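In what follows, a single structure is set out as structure tokens and then discussed.
Computed from heavy atoms alone, side chains included, the values below leave out hydrogens, waters and symmetry copies. This structure is a prediction, so every number in the text was calculated from the model and none was measured. Just so it is clear: chains get the letters A, B, ... in the order the sequence lines come, proteins before strands, and each one is counted from 1.
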Amino acid sequence: MDGEVDTLDDVFDQFLNNNRFFKDRDVLRHDYIPHKLPHREEQIRHLGLIVAPLLKTERGSNVFIYGKPGTGKTAVMKYVINRLVQKAKEFGAPVKAVYVNCRLAGTEYRIFTNLCAAVDIIVPFTGLATGEVFDRFKKGLEDKRVSFVVVLDELDELIKSRGNVLLYELTRINEALRNSKVSIIGISNDLRFKELLEPRVLSTLSEEEIVFKPYNASELQDILWERAELALCSGVLLKGAVGLCAALAAAEHGDARRALDLLRVAGEVAERENAKVITENHIREAERRIEHDRVIDALANLTLHSKFVLYSVYLLGKIKIYSAITGDIYEVYSEVCEEIGVSPLTQRRVSGLISELDSIGLLSSRVISRGRYGRTKKISLAIPRSPLSEVYSNDGHLGQVTSFIPTCLKAKLGKTKN
DNA sequence: CGTCCACAGGAATGACGGGCGG
DNA sequence: CCGCCCGTCATTCCTGTGGACG
């Protein structure tokens with residue numbers, strides 16, 4: 001009895017005294033916008049110059065921002081926009097801004113819905129024609145009499161799947177507006193993005209361009225120390241750990257987001273272990289956990305059939321020295337569907353699902369030609385197997401069939417195929 | 001050197017759930 | 001409530017193709 005009370009006491013006390021590690025955990029989250037962005041002074045200045053005219057109710061240039069993930073595009077942009085809006089408030093300039101992540105929004109329709117919300121127009125989440133939503137946005141904007149900054153993050157994703165229409169409409173909107181103005185800030189991860197744009201859109205959109213280069217390891221270290229000072233108690237972070245953290249992230253195209261994630265999770269691991277300091281081992285453990293969580297998360301959001309397709313690749317992966325091709329996956333997939341009692345989709349659709357899984361990063365696929373034996377796609381898992389088997393055994397559908405082995409798979413198990 | 005495999009991946013079309021205006 | 005139009009997902013039909021085999 002006493003022991004039990006003491007145990008709990010320990011747990012609670014430990015939690016309350018947790019400030020041994022974190023002063024402010026949120027500082028290490030990547031959506032946190034710091035007051036200082038090391039090695040980005042130039043970009044901040046540049047973007048500042050571009051949006052400054054809005055304070056005098058002149059139209060700012062449209063800007064195009066390029067850079068790989070985790071190079072500080074979003075942070076710099078949000079930082080500058082926040083300051084702009086703040087300054088505008090001081091001077092009574094009518095400046096408003098919206099931020100939309102095109103990939104998260106998904107469709108043109110939902111992007112316009114977001115834009116409408118920013119000018120206090122409520123539109124239904126479905127049912128209207130896209131053009132109708134756009135018109136309402138235009139109308140609302142005109143009534144507001146503001147300088148409106150539209151930030152479109154991950155714009156490349158939208159263009160790749162939907163084309164230029166939205167951007168074209170948006171770049172032309174100023175022609176129709178008398179009382180309000182729109183400035184567009186487009187952000188893209190893909191450096192070749194320009195090639196996808198129609199010339200007429202490109203010329204209006206990229207009046208200005210800002211490029212964000214990846215951080216190198218030493219710049220990443222600066223960022224980590226900067227944030228660690230705010231987020232962590234002094235003395236808990238070892239130099240070696242920061243070095244490793246920066247090195248791992250630098251290897252992954254200089255991704256600062258990655259570096260911060262690593263550090264935060266490493267801190268949590270160390271905290272739970274009751275360690276005194278954050279070491280290189282904690283960083284490595286963090287690397288494993290982040291990957292693990294990413295996979296679990298991605299899997300949880302898959303549709304039924306995507307899940308089955310992935311499972312089929314997983315099953316085929318049980319055969320050594322074998323990488324799956326579309327046809328085999330479809331065979332296995334069909335049998336899995338049969339076993340569970342769901343009617344399978346067509347091969348065309350499954351092929352599409354494979355491409356989707358590829359772009360999420362769960363599968364990696366590559367078109368190959370086997371000459372006489374046709375042209376197909378070579379497909380393998382892009383993620384470790386262990387989290388998968390864990391998820392599958394707990395899955396509502398697949399949990400029941402874990403012992404089921406498709407007959408076409410049995411046939412292959414014996415043979416050795418390329 | 002041509003053939004022909006086993007698909008890739010584009011286009012058109014349909015089924016479905018949902019909001020709109022009347 | 002209805003008829004209409006929308007976006008999304010899936011199907012059907014289609015043309016295109018890299019390269020081993022004969």
Side-chain angles (χ1 to χ4, degrees), chain A residues 100-117 120-140 152 157-170 195-196 198 298 301-313 316 319 322-338 340-360 362-380 382 397 408-409 411-412 415-418:
Chain A
V100 185
N101 184 312
C102 300
R103 187 177 47 82
L104 295 182
T107 64
E108 294 179 14
Y109 184 93
R110 290 205 280 267
I111 291 170
F112 281 136
T113 308
N114 279 323
L115 297 187
C116 285
D120 303 320
I121 297 171
I122 302 152
V123 287
F125 64 92
T126 177
L128 288 187
T130 311
E132 170 66 19
V133 181
F134 183 66
D135 286 344
R136 290 189 193 188
F137 167 65
K138 209 151 63 175
K139 175 111 193 348
L152 300 171
E157 294 294 326
L158 179 79
I159 302 300
K160 278 174 196 161
S161 56
R162 313 275 152 171
N164 282 282
V165 188
L166 175 140
L167 265 184
Y168 182 64
E169 296 280 337
L170 213 50
E195 297 162 18
L196 301 172
E198 285 173 31
N301 293 319
L302 291 182
T303 60
L304 193 65
H305 287 280
S306 292
K307 220 159 58 175
F308 292 168
V309 171
L310 191 66
Y311 181 63
S312 305
V313 180
L316 279 162
I319 305 175
Y322 177 84
S323 52
I325 60 170
T326 307
D328 295 342
I329 291 173
Y330 189 66
E331 260 187 288
V332 175
Y333 159 83
S334 303
E335 280 198 54
V336 169
C337 283
E338 202 93 349
I340 291 172
V342 178
S343 50
L345 304 175
T346 56
Q347 176 160 326
R348 177 69 188 88
R349 183 64 191 134
V350 168
S351 162
L353 292 179
I354 290 172
S355 298
E356 283 171 29
L357 289 168
D358 183 25
S359 65
I360 310 174
L362 294 178
L363 293 179
S364 67
S365 68
R366 187 163 59 94
V367 181
I368 56 155
S369 174
R370 300 181 305 157
R372 230 339 336 207
Y373 304 105
R375 206 161 165 272
T376 181
K377 243 177 179 174
K378 222 175 185 178
I379 297 135
S380 56
H397 298 276
C408 59
L409 196 63
K412 286 197 179 61
K415 287 185 246 168
T416 336
K417 214 173 158 185
N418 60 321

Review point. Between D328(A) and C408(A), is any pair of side-chain heavy atoms under 4.5 Å apart?
Key: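 Heavy-atom side-chain distance check fails, nothing below 4.5 Å.
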Output the rounded distance in Å from [atom1] ([X]) to [atom2] ([N]).
X	N	atom1	atom2	answer
L304(A)	dA10(C)	CG	P	10 Å
D358(A)	dA8(B)	CG	P	12 Å
L357(A)	dA8(B)	CG	C1'	17 Å
R366(A)	dG18(C)	CZ	C1'	13 Å
R348(A)	dG10(B)	CZ	P	7 Å
I329(A)	dC7(B)	CD1	C1'	12 Å
R372(A)	dT17(C)	CZ	C1'	15 Å
Y333(A)	dA10(C)	OH	P	9 Å

Review point. Out of dC7(B), dC21(C), dC13(C), which has the shortest distance to the side chain of R375(A)?
Key: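 The answer is dC7(B).
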Exercise for review: For atom CD of E356(A), decide whether the heavy atoms of other residues, nucleotides or ligands shown that lie under 6.0 angstrom number more than 12.
Suggested key: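 Enclosed.
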Point to revise | Aromatic plane relationship, Y333(A) with F308(A) - under 30° parallel, 30 to 60° tilted, over 60° perpendicular | key: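 F308(A) and Y333(A): tilted rings.
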On the nucleotide [N], are OP1 or OP2 found under 4.0 Å from the side-chain N or O atoms that [X] carries?
X	N	answer
T326(A)	dC7(B)	no
T376(A)	dC5(B)	no
R349(A)	dA10(C)	yes
K378(A)	dC7(B)	no
S369(A)	dT17(C)	no

Exercise for review: Could you tell me which non-hydrogen atom of V309(A) sits nearest to which non-hydrogen atom of V350(A), and how far apart they are?
Suggested key: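 Smallest interatomic distance, heavy atoms only, reads CG2-CG1, 4.0 Å.
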Check your understanding: More 5' along DNA chain B: K377(A) or G374(A), using each one's nearest nucleotide?
Key ->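 Residue closer to the 5' terminus by nearest nucleotide: G374(A).
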**Study point:** Position toward the 5' end of DNA chain B (nearest nucleotide), S355(A) or Y373(A)
**Key:**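 Final value for this comparison: Y373(A).
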Exercise for review: I would like to know whether K377(A) and S355(A) meet side-chain hydrogen bond (donor to acceptor under 3.5 Å, both in side chains); could you show each step before the answer?
Suggested key: CA-CA 10 Å; K377(A) 243 177 179 174; S355(A) 298; 3.0 Å; yes
